[in-house]
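Working notes for the structure below.
Here is the naming used below: chain letters follow the sequence lines, and residue numbers restart at 1 for every chain. These figures come from a predicted structure and were not determined experimentally.
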2 protein chains.
Amino acid sequence: MTAPTPVETQLRDAGLKATRTRIAVVAALRDLGGHQTADEVSTALAANDAVVSRATVFNALDDLTRAGLVMVADAGPGATRYEWADRWHHHFVCTSCGAISDVACPEDSPRCVDAPGVEGTVDDVQVIFRGTCSSCIGPGAETT
Amino acid sequence: MTAPTPVETQLRDAGLKATRTRIAVVAALRDLGGHQTADEVSTALAANDAVVSRATVFNALDDLTRAGLVMVADAGPGATRYEWADRWHHHFVCTSCGAISDVACPEDSPRCVDAPGVEGTVDDVQVIFRGTCSSCIGPGAETT
DNA sequence: GCTTCACTTAGACTATGTCTAGTTTAGACA
DNA sequence: TGTCTAAACTAGACATAGTCTAAGTGAAGC
């Protein structure tokens with residue numbers, strides 16, 4: 001018997017079972033890095049001999065998000081993108097090429113921006129910066 | 001011949017034709033208020049005897065967004081929500097009931113939050129506050 | 001070892017958004 | 001005012017994302 005990994009501990013702390021699938025999903029997101037769709041996660045799992053059904057991937061990502069192990073990277077319409085919740089940060093979306101990059105959160109905290117006049121409790125704040133990334137501005141920029 | 005409305009002027013300024021459909025879409029969003037899906041806009045147009053195809057609604061909303069007449073209210077997965085771009089603001093999403101409400105932007109500007117370390121140009125910043133709204137906190141709260 | 005219940009599965013289903021080719025129309029210009 | 005052209009609109013097929021359901025599986029508590 002080996003000691004539980006931090007992922008297993010965090011899952012149990014969130015009242016969830018530390019199943020093979022969930023651990024594999026976290027590992028896949030950590031290994032892949034960046035911002036992956038549910039479909040990309042599913043493909044990565046399959047490549048690691050851990051074939052899981054679509055519904056299970058969605059369920060697992062949803063559970064892991066609530067457990068704080070996975071972050072949703074909102075980038076507008078299209079497939080929802082997930083990433084390993086290493087540290088709290090925001091996102092920059094290039095409106096030209098669609099690339100998503102991380103933007104460091106100065107306070108590394110889900111409550112980094114003040115919410116004036118919100119009637120309710122704020123759990124976290126996601127900031128999305130939209131614009132044109134340096135590679136699209138530079139010479140040979142895509143003009144889609 | 002009547003003088004062009006502000007909507008018509010803004011469309012032409014953006015290099016777009018001021019068609020009946022586009023004007024009707026803006027009017028529908030303004031009249032409905034709040035955050036509407038493409039489907040809801042389509043239904044509202046149909047109710048006003050302005051039946052348009054789904055593709056046209058998506059095209060029109062896309063064009064109007066680029067013209068600055070319509071704002072996209074990102075609220076995570078699900079249908080994209082649009083609203084009349086009255087003034088720049090952010091959004092509060094209740095994770096319990098899914099309601100979206102506007103949060104005044106202190107600076108009323110698309111560049112209200114600093115983007116530290118972004119490699120590129122930032123055109124606008126959208127802040128999404130997530131939490132529980134007052135009606136879900138209070139007695140008789142929904143527990144969906 | 002037994003029991004319970006959360007988790008997983010397959011796949012049908014719904015919702016959302018895109019694409020294409022032909023038709024219509026707004027707006028420029030003579 | 002009439003004509004022309006490119007942009008906009010249409011219908012509907014298609015693609016993709018996400019949800020739902022019912023039955024099977026297995027982890028964890030007793």
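Comparing the end axes of the helix from C/dG1-D/dC30 to C/dA30-D/dT1, each fitted to five base pairs by superposing C1' atoms of four pairs onto the next four, gives an inter-axis angle of 40° (nearest 10 degrees).
Scored by the salt bridge (Lys or Arg N to Asp or Glu O under 4.0 Å) test, A/Arg54 finds no partners at all (sequence neighbours excluded). Annotation: side chain to side chain contact (heavy atoms under 4.5 Å, CB included) contacts of A/Ala14 (sequence neighbours excluded): A/Leu16, A/Ala67. For the side chain to side chain contact (heavy atoms under 4.5 Å, CB included) test, residues two or more places apart in sequence or in another chain that qualify with A/Ser101 are A/Phe92. Under the rule for a ring-ring contact (aromatic ring centres under 6.0 Å, His included), the partners of B/His35 that lie at least two apart in sequence or sit in another chain are B/His91. Every residue meeting the salt bridge (Lys or Arg N to Asp or Glu O under 4.0 Å) condition with A/Asp63, not counting sequence neighbours, appears here in chain and number order: A/Arg22, A/Arg66. Every salt bridge (Lys or Arg N to Asp or Glu O under 4.0 Å) that A/Glu40 has, sequence neighbours left out, goes to A/Arg81. For the side chain to side chain contact (heavy atoms under 4.5 Å, CB included) test, residues two or more places apart in sequence or in another chain that qualify with A/Ala28 are A/Ala44, A/Leu45.
Within the structure, salt bridge (Lys or Arg N to Asp or Glu O under 4.0 Å) pairs that include any residue of residues 89-100 of chain B do not occur (at least two apart or interchain). Pairs engaging residues 36-71 of chain A under the ring pair (Phe, Tyr, Trp, His ring centres under 6.0 Å) rule: none recorded [sequence neighbours left out].
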With 3.5 Å as the limit, what N/O pairs link the protein to nucleotides 24-30 of chain C?
residue, atom, partner, partner atom, Å
C/dA26, OP1, B/Arg20, NH2, 2.9
C/dA26, N3, B/Lys17, NZ, 3.4
C/dG27, OP1, B/Arg12, NE, 3.2
C/dG27, OP1, B/Arg12, NH2, 3.1
C/dG27, OP1, B/Ala18, N, 3.1

Worked verdict on A/Thr80 versus A/Leu61 for side-chain contact (heavy atoms from CB on, under 4.5 Å): CA-CA 11 Å; A/Thr80 307; A/Leu61 286 168; over 6 Å; no
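Less than 4.0 Å separates DNA chain C from at least one heavy atom of each of the following residues of residues 37-63 of chain A: A/Val51, A/Val52, A/Ser53, A/Ala55, A/Thr56.
B/Gln36 places its CD atom 16 Å from the C1' atom of C/dT16, with the value rounded to the nearest Å. For the pair A/Arg66 CZ and C/dA6 C1', the computed distance is 13 Å after rounding to whole Å. Computed from coordinates, the A/Leu11 CG to C/dA6 P distance equals 16 Å when rounded to whole Å.
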